[in-house]
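The next block holds one structure in the form of structure tokens; read it before the comments.
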Amino acid sequence: MLAFSVMGTTGLRKPRANLDAFIQAISRTIELTCAVKHPGPPIEKKSGFTIVDTGPAMYRRFWQALFKAYNTGMDFPCLITFNYDLVLERSLFQVLINKIYNPSKNRCPFDSFHLNYSYKNSPNFYGAIEPCQYQLPEHSYVHGTKVIPKEVQGGKHLNIDILKLHGSLNFSRPITSEHNQNPCEVVENPYILPPISNKSASPAGEEIWGRALTELRNAKNVVFIGYSLPTTDIYMQFFIKAALGPNKGLEKVIVIDPVFNEPSQECEDMKVRYKNCFSEQLRRRLSFSPITAAKFVGELSKDPGAYIY
């Protein structure tokens, strides 16, 4: 309602201020309830690396499963999310700044990476993976890896694309030359897209939506995890139709949600909503899985090629 009030009152400060205050409240609430924590790599100093692994281990296993698939020669998937939080970023650094990978027994499958959001004022991050030692509480040392914020030439490089369609707590809203350098930090005035119908109307977010459209039109396999495709989100239904309809190389679409565990009206309604986004021919490639997200990550580890696009 506040977003529509701003659209209908051009030039008036109060509606804009009300919307900004509400966005700040949303941002603060999301951050307070986020269980996944990580300070990110030190930007201005080379010391201070510590292992932080608060929050569910499932997110760390998710990244490890993707890296395992990448190490077998699979293309790394583009991750598209509707969430504002920084769970993906923080769990990524939980894995890379840790003892999970080391120079001898379990090498990291890449030497450097680029975290790309396709957003004009985003913390596009370049990092180098370097070996290090961590001191354990019992005063012993273990080998691990750390992330040095820098762009490097040579070696095995990985592009990690995370498209956050509705904005993010680490996206600065004013388009300035000042970019947030730490993707794990919440910015003061985040770019969060209100749930109005014309979501790509904002020039700031147009590149994200355009990139997501391109990725889905070229994907071989697409996995929806925990997205019910609500009837109120009509814009997303048309977006999925526009993105996957022209995709001639699409092989499989998997929808993962616990609602499929038992027969119910909610279960059937969700299936109908997804089927309505596809032509009769494409519906044969659509499957509904009742497995939990945790089990999905486990299956991904065993057979990564089945789920990655």
Side-chain angles (χ1 to χ4, degrees), residues 26 30 33-36 55-66 69 77-92 161-168 193 195 199 209 212-213 215-217 219-245 247 250-309:
I26 291 173
I30 293 172
T33 55
C34 183
V36 181
M58 178 184 67
Y59 298 109
R60 293 187 291 277
R61 293 199 302 268
F62 175 71
W63 283 111
Q64 289 175 262
L66 292 181
C78 176
L79 305 177
I80 302 174
T81 177
F82 305 129
N83 293 354
Y84 307 130
D85 60 53
L86 305 181
V87 168
L88 285 175
E89 292 87 342
R90 290 171 179 173
S91 55
L92 170 64
D161 295 304
I162 302 179
L163 304 180
K164 308 183 90 168
L165 299 184
H166 294 169
S168 177
L193 198 60
K199 292 181 179 179
W209 285 82
L213 192 73
E215 291 290 338
L216 289 172
R217 283 179 174 174
K220 290 184 178 180
N221 300 294
V222 178
V223 182
F224 291 91
I225 305 177
Y227 180 58
S228 64
L229 193 63
T231 55
T232 54
D233 206 347
I234 298 175
Y235 186 88
M236 277 309 303
Q237 295 179 34
F238 283 109
F239 176 77
I240 292 173
K241 291 179 182 180
L244 297 179
N247 188 336
L250 186 64
E251 296 179 0
K252 188 185 298 184
V253 178
I254 303 172
V255 183
I256 296 175
D257 197 284
V259 75
F260 303 128
N261 277 309
E262 296 181 2
S264 66
Q265 189 61 47
E266 181 184 5
C267 170
E268 293 305 312
D269 289 345
M270 189 186 299
K271 289 182 178 180
V272 169
R273 290 197 296 272
Y274 269 98
K275 289 178 180 178
N276 287 340
C277 290
F278 299 92
S279 64
E280 192 63 39
Q281 291 179 329
L282 289 179
R283 287 177 190 174
R284 294 194 294 268
R285 304 171 193 176
L286 181 63
S287 64
F288 301 95
S289 176
I291 66 175
T292 63
K295 188 176 180 182
F296 164 72
V297 172
E299 294 297 322
L300 178 62
S301 301
K302 296 175 186 177
D303 185 18
Y307 298 101
I308 292 180
Y309 63 87

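These values consider heavy atoms only, across backbone and side chains, with no hydrogens, waters or symmetry-generated copies.
- Asp233 contributes no side-chain N or O that, together with a main-chain N or O of Pro230, makes up a donor-acceptor pair within less than 3.5 Å.
- With sequence neighbours left out, Arg217 forms a salt bridge (Lys or Arg N to Asp or Glu O under 4.0 Å) with no residue at all.
- Taking the side-chain hydrogen bond (donor to acceptor under 3.5 Å, both in side chains) definition, one finds that Arg60 meets it with Gln94, sequence neighbours left out.
- A pairwise comparison of heavy atoms in Pro77 and Leu66 identifies CG-CD2, 3.8 Å as the closest pair.
- Partners of Phe82 under the ring-ring contact (aromatic ring centres under 6.0 Å, His included) rule, at least two apart in sequence or in another chain, are His166, Tyr227.
- Taking each heavy atom of Val36 and Ser91 in turn, the nearest pair found is CG1-N, 4.0 Å.
- Screening residues 276-291 for side-chain hydrogen bond (donor to acceptor under 3.5 Å, both in side chains) gives Glu280-Arg283 as the qualifying pairs, with residues at least two apart or on separate chains.
- Taking Phe260 as the reference, Phe288 meet the ring-ring contact (aromatic ring centres under 6.0 Å, His included) condition, with sequence neighbours excluded.
- When all heavy atoms are compared, the tightest approach of Asn221 to Glu251 is OD1-CB, 3.8 Å.
- Interatomic distance, CG of Leu229 versus NZ of Lys271, reported as 15.0 Å (0.5 Å rounding).
- Checked by atom type and distance alone, the side chain of Lys252 never pairs as donor or acceptor with a backbone atom of Val223 at under 3.5 Å.
- When every heavy atom of Leu163 is checked against every heavy atom of Glu215, the shortest pair comes out as CD1-CG, 4.4 Å.
- Between Ser228 and Glu266, the closest side-chain pair of non-hydrogen atoms is not below 4.5 Å.
- The ring-ring contact (aromatic ring centres under 6.0 Å, His included) test applied to Phe278 returns no partner, not counting sequence neighbours.
- Legend: residues meeting salt bridge (Lys or Arg N to Asp or Glu O under 4.0 Å) with Asp257, ordered by chain and number and at least two apart, are absent.
- When the salt bridge (Lys or Arg N to Asp or Glu O under 4.0 Å) test is applied to Glu262, no partner is found at least two apart in sequence or on another chain.
- For the side-chain contact (heavy atoms from CB on, under 4.5 Å) with Phe224, the qualifying choice from Ile254, Ile80, Val253 is Val253, the only one to do so.
- Every residue two or more places apart in sequence or in another chain that forms a side chain to side chain contact (heavy atoms under 4.5 Å, CB included) with Ala243 is listed here: Leu213, Leu216.
- For the atom pair OH of Tyr84 and CG of Leu193, the computed distance is 7.0 Å after rounding to the nearest 0.5 Å.
- Under the side-chain contact (heavy atoms from CB on, under 4.5 Å) rule, Phe62 has a single partner from Leu92, Leu88, Val87, which is Leu88.
- Remark: Asn247 engages no residue in a side-chain hydrogen bond (donor to acceptor under 3.5 Å, both in side chains) (not counting sequence neighbours).
- Within 6.0 Å of the OH atom in Tyr59, the count of heavy atoms belonging to other residues, nucleotides or ligands does not exceed 12.
- The distance from the CD1 atom of Ile240 to the OH atom of Tyr235 is 12.0 Å, given to the nearest 0.5 Å.
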